[in-house]
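Scroll down for the structure; my scribbles are underneath it.
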Amino acid sequence: LEKMTDLVAVWEVALSDGVHKIEFEHGTTSGKRVVYVDGKEEIRREWMFKLVGKETFTVGATKTKAAINIDAVSGFAYEYTLEINGKSLKKHMENRLKTTNTWILNLDGTDYRIVLEKDTMDVWCNGQKMETAGEFVEDGTETHFTVADHSCCIKAVSSGKRKEGIIHTLIVNNREIPEAVE
């Protein structure tokens with residue numbers, strides 16, 4: 001494995017199927033560009049005469065669109081920005097806070113990362129989209145699924161306040177799991 005000598009940027013991107021590491025190598029003398037996603041080489045370009053530009057690729061099981069923009073700042077200094085689904089990483093993360101809930105829990109010595117996509121009500125656990133069963137209950141809805149033989153339920157209840165909207169709570173073994181902040 002060759003050493004990453006031209007590594008110029010590393011990003012961590014939280015998606016529904018997990019947190020992905022994106023690394024970018026940019027050889028400003030050779031024009032080389034290499035993009036790694038979770039340690040796997042996605043793009044390699046040698047001898048690029050244009051040192052600025054854009055590299056596009058996908059990330060994760062959901063094949064989320066990503067792009068690295070390479071801009072000259074001054075002289076031989078470059079700025080690298082990551083876009084996810086056409087938004088800056090910062091905007092992507094702010095949007096995820098509104099559209100998803102994430103919980104981290106440990107069951108029988110194993111760590112699990114559970115993500116609810118509020119728009120579709122899809123539930124992901126450690127990178128796998130889960131089989132779920134939804135039902136209407138007196139005060140809202142319940143989405144049931146199983147993780148490692150443990151029955152799990154995401155309760156969706158109205159907050160009663162328009163600004164707050166719906167409150168989603170994960171319950172595992174009759175225990176409420178606090179939401180994680182990524």
Side-chain angles (χ1 to χ4, degrees), residues 1-106 110-130 154 163-166 168 170 177-182:
L1 192 74
E2 75 175 65
K3 204 164 142 281
M4 290 193 261
T5 49
D6 297 320
L7 187 67
V8 292
V10 178
W11 296 277
E12 299 256 319
V13 181
L15 297 174
S16 294
D17 71 331
V19 178
H20 299 279
K21 185 179 185 180
I22 297 171
E23 297 166 291
F24 183 55
E25 283 185 55
H26 189 216
T28 51
T29 47
S30 66
K32 175 182 81 169
R33 297 180 190 175
V34 188
V35 176
Y36 299 92
V37 177
D38 298 326
K40 187 176 152 290
E41 188 175 296
E42 287 294 319
I43 296 172
R44 176 177 289 270
R45 301 194 201 293
E46 305 283 351
W47 301 106
M48 299 279 293
F49 293 103
K50 208 166 150 240
L51 290 173
V52 295
K54 183 181 232 179
E55 291 297 339
T56 56
F57 53 99
T58 61
V59 179
T62 54
K63 297 269 183 248
T64 301
K65 286 184 181 65
I68 296 172
N69 295 305
I70 307 153
D71 298 298
V73 185
S74 65
F76 292 100
Y78 297 89
E79 183 179 78
Y80 308 97
T81 51
L82 179 66
E83 289 178 0
I84 303 293
N85 280 331
K87 294 185 180 84
S88 71
L89 184 57
K90 184 179 187 294
K91 277 265 177 271
H92 165 76
M93 298 318 271
E94 287 169 0
N95 189 45
R96 270 193 70 76
L97 285 174
K98 293 183 193 120
T99 60
T100 63
N101 288 83
T102 302
W103 297 273
I104 310 273
L105 66 149
N106 187 297
T110 303
D111 288 330
Y112 294 95
R113 178 177 176 271
I114 296 174
V115 177
L116 168 69
E117 292 180 356
K118 295 182 202 175
D119 52 352
T120 58
M121 291 305 284
D122 286 342
V123 176
W124 292 77
C125 178
N126 289 4
Q128 300 294 314
K129 198 162 142 190
M130 302 300 286
I154 295 174
K163 277 238 186 287
E164 277 178 50
I166 296 172
H168 296 90
L170 174 64
I177 307 298
E179 193 175 344
V181 180
E182 290 186 310

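Note that the numbering runs from 1 along the sequence shown for the chain. All figures in this text were calculated on a predicted structure; none of them were measured in a lab. Computed over heavy atoms, backbone and side chain alike; hydrogens, waters and symmetry mates excluded.
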Subject >> Stepwise side chain to side chain contact (heavy atoms under 4.5 Å, CB included) test for T81 and I70 >> reply: CA-CA 7 Å; T81 51; I70 307 153; over 6 Å; no
Original post:
Please walk me through it: do L116 and V123 pass side chain to side chain contact (heavy atoms under 4.5 Å, CB included)?
Top reply: CA-CA 5 Å; L116 168 69; V123 176; 4.1 Å; yes
**OP:** Using the side chain to side chain contact (heavy atoms under 4.5 Å, CB included) rule, take I68 and F57 through it: C-alpha gap first, then chi angles, then the decisive distance, then the call.
**Re:** CA-CA 9 Å; I68 296 172; F57 53 99; 3.8 Å; yes
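Shown here are the side-chain hydrogen bond (donor to acceptor under 3.5 Å, both in side chains) partners of W124, two or more places apart in sequence or in another chain: E117. Take R96 and apply the side-chain hydrogen bond (donor to acceptor under 3.5 Å, both in side chains) test, not counting sequence neighbours, and it matches no residue. For T64, the side-chain hydrogen bond (donor to acceptor under 3.5 Å, both in side chains) partners at least two apart in sequence or on another chain are T62. Evaluation of the salt bridge (charged side-chain N to carboxylate O under 4.0 Å, His left out) rule for D122 yields K129 as partners, not counting sequence neighbours. For K50, there are no side-chain hydrogen bond (donor to acceptor under 3.5 Å, both in side chains) partners at least two apart in sequence or on another chain. With sequence neighbours excluded, the residues forming a salt bridge (charged side-chain N to carboxylate O under 4.0 Å, His left out) with E55 are R33, R45, listed by chain and number. In terms of the salt bridge (charged side-chain N to carboxylate O under 4.0 Å, His left out) criterion, residue partners of K40 (sequence neighbours excluded) are, by chain and number, E42. In this structure, the side chain to side chain contact (heavy atoms under 4.5 Å, CB included) partners of T58, at least two apart in sequence or on a different chain, are K63. Annotation: ring pair (Phe, Tyr, Trp, His ring centres under 6.0 Å) contacts of F24 (sequence neighbours excluded): H26, Y80. Residues that satisfy the side chain to side chain contact (heavy atoms under 4.5 Å, CB included) test with T99, not counting sequence neighbours, are N95. Judged as a ring pair (Phe, Tyr, Trp, His ring centres under 6.0 Å), and not counting sequence neighbours, H20 has no contacts.
Crowding of E41 atom CD: a count of heavy atoms from other residues, nucleotides or ligands under 6.0 Å exceeding 12. Within 6.0 Å of NZ in K118 there are more than 12 heavy atoms belonging to other residues, nucleotides or ligands.
Closest approach of E179 and T102 over heavy atoms only: CG-O, 3.1 Å. When all heavy atoms of C125 and I114 are compared, the closest pair comes out as SG-CG1, 4.1 Å. Residues T56 and A67 come closest through the heavy atom pair CG2-CB, 3.8 Å. Heavy-atom minimum distance, D17 versus R113: C-NH1, 4.1 Å. Looking at every heavy atom in both residues, Y78 comes nearest to V73 through C-CG2, 3.7 Å. The two atoms that bring V35 and I22 nearest to each other are CG1-CG2, 4.5 Å, heavy atoms only.
With values rounded to the nearest 0.5 angstrom, I154 atom CD1 is found 10.0 Å from M130 atom CE. Rounding to the nearest 0.5 Å gives a distance of 6.5 Å between CG of L105 and CG of L170.
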If you look only at distance, which donor and acceptor atoms sit under 3.5 Å apart when one is on a side chain in residues 82-94 and the other is two or more places apart or in another chain?
unit_1, atom_1, unit_2, atom_2, d
E83, OE2, N69, ND2, 3.0
S88, OG, K91, N, 3.1
K90, NZ, E94, OE2, 2.7
H92, NE2, A14, O, 3.4

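In terms of modelled atom types and a separation under 3.5 Å, the side chain of N126 and the main chain of D111 share a donor-acceptor contact.
By the 4.5 Å heavy-atom criterion applied to side chains, W103 and P178 are not counted as neighbours.
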